[in-house]
Structure formats: structure tokens, C-alpha cells
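Notes follow the structure.
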Amino acid sequence: MVMGMDRDITNEATVEPPAAAECPIIIEADLPEALMHEPAVPATARFNFPMRGSPQMLTAPGSAQGRAKKVALKPGFSPLDWARLVKSGENLSGVPVPRPYTIDEIKLHNKRDDCWMVIGNKIYNVTRYMDFHPGGKSQLMRAAGKDGTKLFYESHAWVNPDNILGPCLVGFVAGPGGF
Ligand code: HEM
């Protein structure tokens, strides 16, 4: 018993150090020259995460610092509510089947209660999505009845339109395009 201690440690098994074979000692001289020195570039520059311009970067072009903030969505209009609506099987495109539309036809759908938008070559009916859009209705309306591809990707290149608006597909831009 060691004086002044609460428990007797003299009988407890002692932990042997690992055998030399299990614990190899790396001698610097054995290492290739390249591994022996810290690279001249700082760690932040050596790794590609977070990528420049990615949403993880606080100062990304699409971050809260560089553009409009997200709006507060009304109760019942969360992304989860949208996912439920999409799953419900309701016709969100407003058309029976997708087909090609001319630019003049697309232009007619430029109101809040009748809003089409082109992203890439696809036309989506975003009318029902208005209240669900985290960026707000007014942001969505900037591309109402127009080709919103540039605006869309400037605002959030990481958002996949098909994932969210799959069942809102109205059709495809007919002809060579040109808004
Ligand atoms: C082209 C017109 C559009 C504009 C100008 C626009 C703009 C914006 C803005 C300013 C925000 C807020 C950004 C922030 O989080 O700080 C936002 C968020 C968002 N928008 Fe849009 N948007 C557009 C179209 C769309 C469409 C068609 C969809 C659906 C596919 C969509 C889906 C989203 C999503 C999911 C967010 C949240 C992004 C996040 O949390 O990272 N937007 N949008």
C-alpha cells in the first residue's frame, strides 16, 4: 500500500511496453527526402476542401454575404412539405404531358399565379413552388416567363432543379431558343 493513496496499486498488473517489433521506430534518414520537409505551401492551400466558391466557404459568391438572404417560409411551406406535395402525385406542371413550347408561349406564363421558368433546356411550372422557395417569391419572379438558367446558377449552383421540380416539368424549349 502506498501511503497517502486511496487504493493499493502495488498488486495491479503493470502494462508492459510493446515489443520492439510491434513498435517500429522510424528514423528520419529512412524517409524519402520529400516527406522530411513540410511543403512550402500552407495546409489551407494544399487541400481542396472547402472548394473555392462552394457553399461551405463563408465568403462564397453565393453566400449570405454576397446576395439576398433566405426568407422565412410560412408554416406548411418547408422543404419537407414540398417533398410531401411532390409525392402526393398531384399534377404540379399544369399540363397533361411535357412537350416542346416556343419562347413566345413561355413568355405568356410570367405571373405569380401562372409562372413558368426555363432552366437549361427544360421548362418548369414554378407556380406551386412560389411559397416554398427559400429565396422568396420575388427572387423566383425575376425569371418568370424567361430563361432563368444564368440567374439560377448564379444564386445556387449546388441546387439540382430536377430533384426539386421534377413533377413541375412542362416541357422543353422548342427550336434554337434565344430569349
Ligand atoms: C432563377 C430564379 C431564382 C433566383 C433568382 C433564386 C434566388 C435564390 C436566393 C436569393 C436564395 C437565397 C439564398 C440564400 O440561401 O442565401 C435562394 C435559395 C434557394 N433556392 Fe432559389 N432562386 C431561383 C430559382 C429557384 C428554383 C427554380 C428553385 C427550385 C429548383 C430554387 C431553389 C432554391 C433552394 C433549394 C434554395 C435554398 C438554397 C440553400 O439552402 O442552400 N430556386 N434562391
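The residues of the chain are indexed from 1 along the displayed sequence. Numbering of ligands and ligand atoms starts at 1, following listing order.
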Run Asp162 and Lys122 through side chain to side chain contact (heavy atoms under 4.5 Å, CB included) and show every step you take. CA-CA 9 Å; Asp162 269 331; Lys122 294 179 180 169; 2.6 Å; yes
Which heavy atom of Ile123 sits nearest to which heavy atom of Trp116, and what is that distance? CG2-CE3, 3.8 Å
Rounded at 0.5 Å granularity, tell me how far CD in Gln139 sits from NE2 in His133. 7.0 Å
Polar proximity ligand 1 side, Asn160 side, N/O cut 3.5 Å exclusive: no
Nearest to atom 21 (Fe) of ligand 1, which N, O or S atom of His133 do we find? NE2
Which of these, Tyr124, Phe77, Trp82, sits in a ring pair (Phe, Tyr, Trp, His ring centres under 6.0 Å) with Tyr129? Trp82
So for ligand 1, is Gln139 a polar contact partner (N or O within less than 3.5 Å, distance only)? no
Against heavy atoms of Ile164, which atoms of ligand 1 measure under 4.0 Å? 30 (C), 35 (C)
State whether the shortest distance between N or O atoms of Tyr129 and N or O atoms of ligand 1 falls below 3.5 angstrom. no
Which atoms of ligand 1 are found less than 4.0 Å from any heavy atom of Leu165? 27 (C), 29 (C), 30 (C)
Per-atom filter on ligand 1: closer than 4.0 angstrom to a heavy atom of Leu140 are 23 (C), 24 (C), 25 (C), 26 (C), 27 (C)
Closest approach of Asp147 and Val118, non-hydrogen atoms and distance? OD1-O, 3.4 Å
For atom 36 (C) of ligand 1, the option (of Gly148, Pro134, Cys115) bearing the nearest heavy atom: Pro134
For Pro161, counting its heavy atoms only, list the atoms of ligand 1 lying under 4.0 Å from any of them. 30 (C)
As an exercise, state the distance from SG of Cys168 to CG of Leu85, rounded to the nearest 0.5 Å. 8.0 Å
Suppose I only count heavy atoms of Leu151 and a 4.0 Å limit; which atoms of ligand 1 are within that range? 1 (C)
The one among His156, Met117, Met141 that brings a heavy atom closest to atom 19 (C) of ligand 1: His156
At their closest point, which heavy atom of Met141 faces which heavy atom of Lys111, and how far apart are they? CE-C, 3.8 Å
Side chains of Asp131 and Leu73: does their closest heavy-atom pair fall under 4.5 Å? no
If you measure every N or O of Arg142 against every N or O of ligand 1, does any of those distances drop under 3.5 Å? no
Go through the side-chain N and O atoms of Thr127 and Asn125 and say whether any donor and acceptor fall under 3.5 Å apart. yes
Please could you name the atoms of ligand 1 that Phe152 approaches to less than 4.0 Å, counting only its heavy atoms? 1 (C), 24 (C), 25 (C), 26 (C), 27 (C), 28 (C), 30 (C), 31 (C), 42 (N)
